Protein chains: 2
Amino acid sequence: MQEHENQFRDFLKQKGLKLTKSRNLVLEAAFKLHEHFDAETLYSHIRAANVSLATVYRTLPLLVEAGLIQLAVRSEGRDRFEHILGHPKHVHWICERCKQVAETDLSSLQEALDAEAKSIKFQIGQITINITGLCRNCSIDEYEQD
Amino acid sequence: MQEHENQFRDFLKQKGLKLTKSRNLVLEAAFKLHEHFDAETLYSHIRAANVSLATVYRTLPLLVEAGLIQLAVRSEGRDRFEHILGHPKHVHWICERCKQVAETDLSSLQEALDAEAKSIKFQIGQITINITGLCRNCSIDEYEQD
DNA sequence: GATCTTGGTGCAAATGATTCTCATTAAGGA
DNA sequence: TCCTTAATGAGAATCATTTGCACCAAGATC
Ligand SMILES: [Mn+2]
Ligand SMILES: [Mn+2]
Ligand SMILES: [Zn+2]
Ligand SMILES: [Zn+2]
C-alpha cells in the first residue's frame, strides 16, 4: 500500500466520504504520471475502466484538499496539476515562447517564505511560484532574430 | 501625461498597432483601480463609453505584453489582474477560507530568484508567487471550531 | 453476509468565461 | 483630405468545468 493511498483513505474517512473504485483510479493515475497533467489526460488513462470525466473533475479538488496534488500551471485554458508526495517543492520557469516549463528546487526560498508567513501569522497550505519569461534557447533565438 | 500612457503608446507604436480610444479607456480603467480586477469589472467602468467587453478582453493581453499589468490570481473561475507600474512586486497570501488576499513585499526573495535565473540563463518576465492557506483570522477560527 | 442509508457515479445537459466572426468604423501615414 | 488596414461592437461560438438526475455501491449496522 503506497503512502498516497493511505493518505487519501485517511482524508476521506476524516471527511466522512467514501473511498470508491473510481476515486482510487483517479488517484493512481495522478501518481503514475510524473509530469503535469490535466483532467482530460487523467481521464484518458482510466476511461477504459468506465470512470467518467465528471468524476475526474469531482475528484481533483478532493486530492488537492487532501494535499496530494496541487495546481501547477494553467496553460491553453486548462488547469494542469502535479502530485506532491515524493516531489519536492519547486519553482516553475515557464517560457512564453516555447511553452516549456523547467523546475528548480525551492529550498533557497523556503526559509524567507516561512519567516514572512510567521510574521503575518499565515498558515501556509500550498506555495506556487511561477516565473514567466524566456528560457535559454528562446532568448538566444530572440537575439539572433533582431 | 501619465507614465503608463507613454509606455503603452510606445509599446503599440513599436508593434505597429494603433492607439485607439477604446484601448486607452481600458488602460485608464486599469490604472484607476488599485485592487485586483477582472475583465468584467473593467468593462463595468467603461461600458458607458460604448467599449465592448470583447475589446476589454482583446486589450488585456496587450497590457500584459506591454508590461503594464499582470495576472494576479485566478479566483472563482475568473482571471484577475493588477497594474504593475507604481506597484512594487509582491507575494500574494490567499486565504482558502475567507478568500482574502494579503500582499507582502517581494524584495527578500528577489535576490535568490535572480541568482537562480542567472544560473539557468532564464530571462525573467514576470514573477508570480501565490501562497494559499489560512490567514490569521481564519486559522484562529479553525482552532476554535474543533 | 444481508440490509439499509447515504453519498457517489455515469451520462447528458447547462454554465460561463473567453474567443471568434463579420460587417462597419476610425487610426494615422501619405 | 484620402486611403489602407487594423480595430471595434455585437452577438454567436467555444470549450473547460459544473450540475441535475436516476441508478449504484460504499460501508455501517445487525
Ligand atoms: Mn511542477
Ligand atoms: Mn496583488
Ligand atoms: Zn523557450
Ligand atoms: Zn481568511
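Here the structure is a predicted model, which means the values were calculated and not measured. Keep in mind that the numbers below use all heavy atoms, side chains included, and drop hydrogens, waters and symmetry copies. In what follows, chains carry the letters A, B, and so on, assigned in the order in which the sequence lines appear, proteins first and then strands, with residues in each chain numbered from 1.
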Please list, pair by pair, any protein nitrogen or oxygen found under 3.5 Å from a nitrogen or oxygen in nucleotides 3-6 of chain D.
unit_1 : atom_1 : unit_2  : atom_2 : d
D:dT5  : O2     : B:Lys18 : NZ     : 3.2

Would you call the rings of A:His92 and A:His90 parallel, tilted or perpendicular, taking 30° and 60° as the class edges? perpendicular
In degrees rounded to 10°, what angle is found between the helical axes fit to the five outermost pairs at each end of the helix from C:dG1-D:dC30 to C:dA30-D:dT1? 50°
Between B:Thr20 and A:Ser22, the residue closer to the 5' end of DNA chain C by nearest nucleotide is A:Ser22
A:Tyr57 side chain near D:dT17 phosphate (N/O to OP1/OP2, under 4.0 Å): yes
If you look at every strand shown and take non-hydrogen atoms under 4.0 Å, does B:Asp79 touch a base, only sugar-phosphate, or nothing? sugar-phosphate
Atom-pair distance (CG on B:Leu53; C1' on C:dC20), nearest Å: 13 Å
Classify the side chain of B:Arg58 versus the base of D:dG9 as yes if they form a donor-acceptor pair under 3.5 Å and no if they do not. yes
Short side-chain N/O contact from A:Ser52 to OP1 or OP2 of C:dC11, under 4.0 Å: no
Distance alone, cut at 3.5 Å: any donor-acceptor contact between the side chains of A:His87 and A:Gln70? no
Judged by each residue's nearest nucleotide on DNA chain D, which is more toward the 5′ side, A:Gly77 or B:Ala49? B:Ala49
Partner of B:Val91 under side-chain contact (heavy atoms from CB on, under 4.5 Å), picked from B:Leu109, B:Ile127, B:Thr128, is B:Leu109
Heavy-atom side-chain contact between A:Val51 and A:Thr59 under 4.5 Å: no
